[in-house]
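Please read the structure below before turning to the comments.
Side chains included, hydrogens not; waters and symmetry mates left out as well; all remaining heavy atoms used. Read the numbers this way: they start at 1 and go in the same order the structure lists the ligands and their atoms.
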Amino acid sequence: MKQVVTVKRRALAASEERAETLRSRFAASGTLVANLISSPGSGKTTLLEATVRAFDGELRMAVIEGDVATENDADRIRALGVPAHQILTGGACHLDARQVENGIKEGGLPEVDILFIENVGNLICPTTYDLGEDFKVVLLSVAEGDDKPVKYPAIFARAEVAVITKSDLLPHVPFDLGSVQSQIASLNPNGTVVVTSSLAGEGLDGWLDLLRTRFEAKRQSQR
Ligand SMILES: Nc1nc2c(ncn2[C@@H]2O[C@H](COP(=O)(O)OP(=O)(O)O)[C@@H](O)[C@H]2O)c(=O)[nH]1
Ligand SMILES: [Mg+2]
């Protein structure tokens, strides 16, 4: 038992070291890195599609996609002319720093202004894994129910940004937006919440402005 714990600790320490190496590399290139986490189907890829369309010609972007199977999400991003690399975990429920490091190399991803990492879909495993990102983004669609922040407190406490997605469905589903906002505020008093619909194009400006501001801050800190 003691040996298992020691091996796990060592593996975690190695992973944290890799994440720090990645973070130094992203700091040197002035690349803003966002790690997107949510349940499957909350709208991560659709939000990324809307984001890369909006920033086309303004910012250089690349995407790392994490899934158990299929290249579908990377294909969706590449179809918009943005470099993307698909990591297939074959069953693992999160990405780790080594996979991101290798993925950048194997995918031949260029140096960019913003690197988006779409993590494997679930609200649990990706929470504790540092991928060298600047911040984690948790997404929650209004169709998932308004009790999720309190049911999955760790990710809502850690993610600096929460995106409530599919706001176009609000008239059709029971979802108390005020309650969700206050759950998130109590778990993460310094966090930011944006409400969006990628399909209807609502609330995207708040999300895009947040990314612009974070990117500018990163570039300033590089100087
Ligand atoms: N009504 C609505 N559906 C959306 C929205 N964004 C995504 N979807 C749909 O939700 C499903 C899952 O989206 P996807 O981006 O693949 O989710 P992911 O698994 O988190 O990457 C797809 O059928 C999307 O068309 C939205 O803003 N409103
Ligand atoms: Mg996806």
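- Near Leu169, meaning under 4.0 Å from any of its heavy atoms, are these atoms of ligand 1: 1 (N).
- Contact analysis leaves Thr165 out of contact with ligand 1, as no non-hydrogen atom separation drops below 4.0 angstrom.
- Counting only residues at least two apart or in different chains, salt bridge (charged side-chain N to carboxylate O under 4.0 Å, His left out) contacts with residues 199-215 comprise Glu58-Arg212, Glu160-Arg214, Asp209-Arg212.
- Of the possible donor and acceptor atoms, one in the side chain of Asp130 sits under 3.5 Å from a partner among the backbone N and O of Gly132.
- Looking only at distances, no side-chain donor or acceptor of Glu20 sits under 3.5 Å from a matching main-chain atom of Glu17.
- When hydrogens are left out, the protein atom nearest atom 28 (N) of ligand 1 is Asp168 OD1, 2.7 Å; that is the closest non-hydrogen contact.
- Here Glu65 has no heavy atoms under 4.0 Å from ligand 1, in either its backbone or its side chain.
- Ranking the protein heavy atoms by distance from atom 21 (O) of ligand 1 puts Thr45 OG1, 2.8 Å first.
- Hydrophobic clustering of Ile, Leu, Val, Met, Phe, Trp and Tyr side chains at less than 4.5 Å, counting indirect connections, unites Val193 with Val142.
- Checked options Thr128, Val138, Asn188; the residue passing with Arg158 is Thr128 (criterion: side chain to side chain contact (heavy atoms under 4.5 Å, CB included)).
- Close approach of ligand 1 to Lys44 is summarised as follows: ligand atoms under 4.0 Å from at least one heavy atom of the residue are 15 (O), 17 (O), 18 (P), 19 (O), 20 (O), 21 (O).
- Compare Ser198, Ser141, Pro40 by their heavy atoms: the one nearest to atom 27 (O) of ligand 1 is in Ser198.
- Here the heavy atom of the protein found nearest to atom 11 (C) of ligand 1 is Lys166 NZ, 3.9 Å.
- Scanning the protein heavy atoms around atom 16 (O) of ligand 1, the nearest turns out to be Arg76 NH1, 3.0 Å.
- The protein non-hydrogen atom at the shortest distance from atom 15 (O) of ligand 1 is Thr46 OG1, 2.5 Å.
- With a heavy-atom cut-off of 4.0 Å, Leu47 does not touch ligand 1 at all.
- Around the OH atom of Tyr129, the shell of radius 6.0 Å holds no more than 12 heavy atoms that belong to other residues, nucleotides or ligands.
- Of the residues listed (Glu65, Glu49, Glu71), the one engaging Arg76 in a side-chain hydrogen bond (donor to acceptor under 3.5 Å, both in side chains) is Glu49, and it is the only one.
- Contact annotation: for Leu199 versus ligand 1, heavy atoms closer than 4.0 Å belong to both the backbone and the side chain.
- With a 4.0 Å heavy-atom cut-off, ligand 1 is reached by no atom of Glu49.
- Judged by distance alone, the side chain of Arg219 and the main-chain N or O of Gly30 form a donor-acceptor pair under 3.5 Å.
- For the Mg ion (ligand 2), the neighbouring protein N/O/S atoms at less than 2.8 Å, given as residue and atom, are Thr45 OG1, Asp73 OD2, Glu118 OE2.
- Gln183 places a side-chain N or O within donor-acceptor distance of the main-chain N or O of Asp146, the cut-off being under 3.5 Å.
- By the 4.5 Å heavy-atom criterion applied to side chains, Asp113 and Leu32 are not counted as neighbours.
- Looking only at heavy atoms of the protein, atom 17 (O) of ligand 1 is closest to Gly43 N, 3.1 Å.
- Salt bridge absent: Lys44 and Asp73 never bring a charged side-chain N and a carboxylate O closer than 4.0 Å.
- Remark: distances from the non-hydrogen atoms of Gly121 to ligand 1 are all 4.0 Å or more.
- Counting the atoms of ligand 1 from 1 in the order shown, those under 4.0 Å from a heavy atom of Gly41 are 10 (O), 12 (C), 17 (O), 18 (P), 19 (O), 20 (O).
- Inside a 4.0 Å radius of atom 1 (N) of ligand 1 there is at least one protein heavy atom.
- You'll find the side chain of Val33 reaches within 4.5 Å of the side chain of Ile117, heavy atoms only.
- When atom types are taken as modelled, the side chain of Arg23 and the backbone of Glu133 share a donor-acceptor pair closer than 3.5 angstrom.
- Pairing each heavy atom of Ala97 with each of Arg18, the nearest pair is CB-CB, 3.8 Å.
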